[in-house]
Number of protein chains: 2
Amino acid sequence: MTLPIQIEHSNCGECPIRHRAVCAHCERDELEALEEIKYYRSFEAGQTIIWSGDQMNFVGSVVSGIASLTQTMEDGRTQMVGLLLPSDFVGRPGRETAAYDVIATTDIVMCCFRKKPFEELMARTPHIAHRLLQMTLDELDAAREWMLVLGRKTAREKIASLLSIIARRDATLTRGRSSGPIVFDLPLTREAMADYLGLTLETVSRQMSALKKDGIIQLEGKRHVTIPDMGRLMEEAGDDTDGGFLV
Amino acid sequence: MTLPIQIEHSNCGECPIRHRAVCAHCERDELEALEEIKYYRSFEAGQTIIWSGDQMNFVGSVVSGIASLTQTMEDGRTQMVGLLLPSDFVGRPGRETAAYDVIATTDIVMCCFRKKPFEELMARTPHIAHRLLQMTLDELDAAREWMLVLGRKTAREKIASLLSIIARRDATLTRGRSSGPIVFDLPLTREAMADYLGLTLETVSRQMSALKKDGIIQLEGKRHVTIPDMGRLMEEAGDDTDGGFLV
DNA sequence: CGTGCTCTTGAAAACCCTCAAGGGAAGTGG
DNA sequence: CCACTTCCCTTGAGGGTTTTCAAGAGCACG
């Protein structure tokens, strides 16, 4: 049941998210201060990391794996409001309780900081505060982009939008190449996709099949996706591509 | 056509948004620095304040009136991604071009700062940076709350959600009372409501009529709304109220 | 009194959801 | 090794909500 997950990166200098996380702009001495209050935690896929309404005793960064921020109504309707990827920040300085459920989508490793010390450190470390502002503004943009998807796009466009976001992220992480087919594994179940897109899982499944039938995507198994032509996918997503090269 | 709108608040100390805007936590000397780079601009209802893709030469705060942040697809589908109320901040330090259209919903007065000097000032004024982080986090929460509305609520629940947000804001601004009926004027056309809610204007109109027929709201004319029972409205919105007193 | 704008209402159609059944792969225990 | 279960996914049929298309009402303005 409980796998002993190895924590390898005790040293910030060797951390895989060193240059993208909230600590990205930190100097050596600032990193050392962070190291003193940090600790790692691992969660298995499916585990709830934070319950909405709970006391938040820590903030932190996703080191590896994927988590989701979700909101649930009384009758069970669920909406994912954020996808947390490696380097993304979890928690809100200055707030006591969590506003959303944070759920591990895959096995995940987090770099956590006790909240109080982190807030104190942030107050005297402009590099951290500034980076957090940057990241928050980016998340706000992503949330607003997603509002267009949720409010105005068709089911087919929604699926294409999600796939192109994941494809783009994968392309950034794995290599800079933009030519040739893009290949990746979907980190989400059909149900998670549905919760992200404001659809039912049946509609997700149907639209995935339709995109496959039309040659926009290729599927091996349920999760392994190949995108032969990124431009076509973006057309299906309804985004202005106008070439779309260089992503 | 062009009304000569009076700019009254040249002095920050008397500014109506003094304690809620990005300058809220500023000391006297910080305010003086802001005063040196600030200027007021007025826009009439319907005017576009900023075009998506344009160079951003200023950032600023809404002093009075309402503006909307909207995103438009090539085929004309429009989604409002933010509602800018007095004290809300416009613009993103560190970015060159605007990501969204900013449109004056009502006549509006803005307190603007030239972008470059503001960024420099922010770099050496933690009070401003900290306040901006707070405000950005609040906006992120609002955006995420709205994602649930867009993704998972029915047309009727969407309308009720919008009305309760406006009602709550009005209640906060005009007085602390929470008992008795709430009365306000809708600052949005049916079309603007539709763009906010991801609906068509016909559906908005129909659901407004339905809520009226069911006694959830009362309408005088098209814009003047009375809410006899805030609890009932929030039930219709699908929000957990559990009493809901104290707003 | 016509024009323009916002809003309302109706009828038909489209899209997505709900309900239902079943397939395929992985894991468990006999 | 093979039933059996479970989980995830696919596909079909029917129905409901919202959209689309269309017409007209109410109001302000010139």
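So that the names make sense, note that chain A is the first sequence line, chain B the second, and so on, each numbered from 1.
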Check the distance between [N]'s [atom2] and [X]'s [atom1] and give it to me in whole angstrom.
X         : N       : atom1 : atom2 : result
Leu219(B) : dT9(C)  : CG    : P     : 10 Å
Glu202(A) : dC8(D)  : CD    : P     : 14 Å
Leu201(B) : dT9(C)  : CG    : P     : 13 Å
Met193(B) : dT18(D) : CE    : P     : 15 Å
Lys153(B) : dT18(D) : NZ    : P     : 14 Å
Asp75(A)  : dC17(C) : CG    : P     : 15 Å
Glu191(B) : dT19(D) : CD    : C1'   : 15 Å
Asp185(A) : dC9(D)  : CG    : P     : 13 Å

NA contact type, [X], heavy-atom cut-off 4.0 Å: base, sugar-phosphate, or nothing?
X         : value
Ser209(A) : sugar-phosphate
Gly198(A) : sugar-phosphate
Arg156(B) : nothing

Where the side chain of [X] meets the backbone of [Y], is there a donor-acceptor pair that is under 3.5 Å apart?
X         : Y         : value
Arg41(B)  : Met110(B) : no
Gln79(A)  : Tyr196(A) : yes
Ser209(B) : Ser205(B) : yes

Counting just side-chain N and O atoms, does [X] come under 4.0 Å of either OP1 or OP2 of [N]?
X         : N       : result
Thr203(B) : dT19(D) : yes
Arg190(B) : dC5(C)  : no
Arg223(A) : dC9(D)  : yes
Thr189(A) : dC8(D)  : no

Checklist line | base_contact_polar (dT20(D) base, Arg77(B) side chain, donor-acceptor, <3.5 Å) | finding: no
Notebook entry, point to check: Is Arg156(A) salt-bridged to Asp214(A), going by a charged N under 4.0 Å from an acidic O?
Noted result: yes
Check: With distance as the sole criterion, is a donor-acceptor pair present between the side chains of Ser161(B) and Ser164(B) under 3.5 Å?
Finding: no
Notebook entry, point to check: Mapping Lys222(A) and Arg152(A) onto DNA chain D by nearest heavy atom, which one lands closer to the 5' end?
Noted result: Lys222(A)
